[in-house]
Amino acid sequence: MREMILKAVANPPKILWGPFLPVLMNLGVQFPIMFMFIGVMDVNPIVFLVSIVLGHLAAVALGVRDPHISTMIQAYGQTHKTTSNLYKEKGNKFAP
């Protein structure tokens, strides 16, 4: 069981050499835009395939620089919550 945990920490999940979440965000944004442009303006999809590939290369470059970028995005989403102040002050305070 210990080997599985170490392997998961040492090798974060990837899609075609890119980190999982940035690649999914790239595809999740670009595919709907591509289909809207094809349906509304009858644009050639090859233009969008080039932009998808460039976005994927940018995600791969992010993954090379920081392989745990997906985990960092998930942690930011869970911990970035605003707090309410007990006293009227400027900024967020965690303790009185």
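For the numbers below, each heavy atom of this structure counts, side chains included, while hydrogens, waters and symmetry mates do not. As the structure is a prediction and not an experimental result, all values here were calculated from the model.
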Report whether [X] and [Y] are members of the same hydrophobic cluster (ILVMFWY, side-chain heavy atoms less than 4.5 Å apart, transitive linking).
| X | Y | answer |
| --- | --- | --- |
| Met36 | Ile52 | yes |
| Met41 | Val29 | yes |
| Val40 | Met34 | yes |
| Leu54 | Val47 | no |
| Leu24 | Phe31 | yes |

Pairwise side-chain contact, Ile73 with Pro22, heavy-atom cut-off 4.5 Å (strictly under):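 Ile73 vs Pro22: side chains touch.
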Is the closest side-chain heavy-atom distance between Val53 and Leu49 below 4.5 Å?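 Sidechains of Leu49 and Val53: no contact.
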Per-pair distances, 0.1 Å, donor-acceptor, side chain in residues 58-67, under 3.5 Å, sequence neighbours excluded:
none

Can you pull out every side-chain hydrogen bond (donor to acceptor under 3.5 Å, both in side chains) where at least one residue sits in residues 13-39? Sequence neighbours excluded, please.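 Matches after skipping sequence neighbours: Asn26-Gln30, Gln30-Ser51.
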Heavy-atom pair with the smallest gap, counting every atom of His56 and Ile15: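 Minimum heavy-atom separation between His56 and Ile15: CE1-O, 3.4 Å.
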Answer yes or no: does atom CZ of Phe20 have more than 12 heavy-atom neighbours from other residues, nucleotides or ligands under 6.0 Å?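 Count not over threshold, so no.
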Kindly compute the distance separating CE (Met72) from CG (Leu21), expressed to the nearest 0.5 Å.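 Atom-to-atom, Met72:CE and Leu21:CG are 12.0 Å apart.
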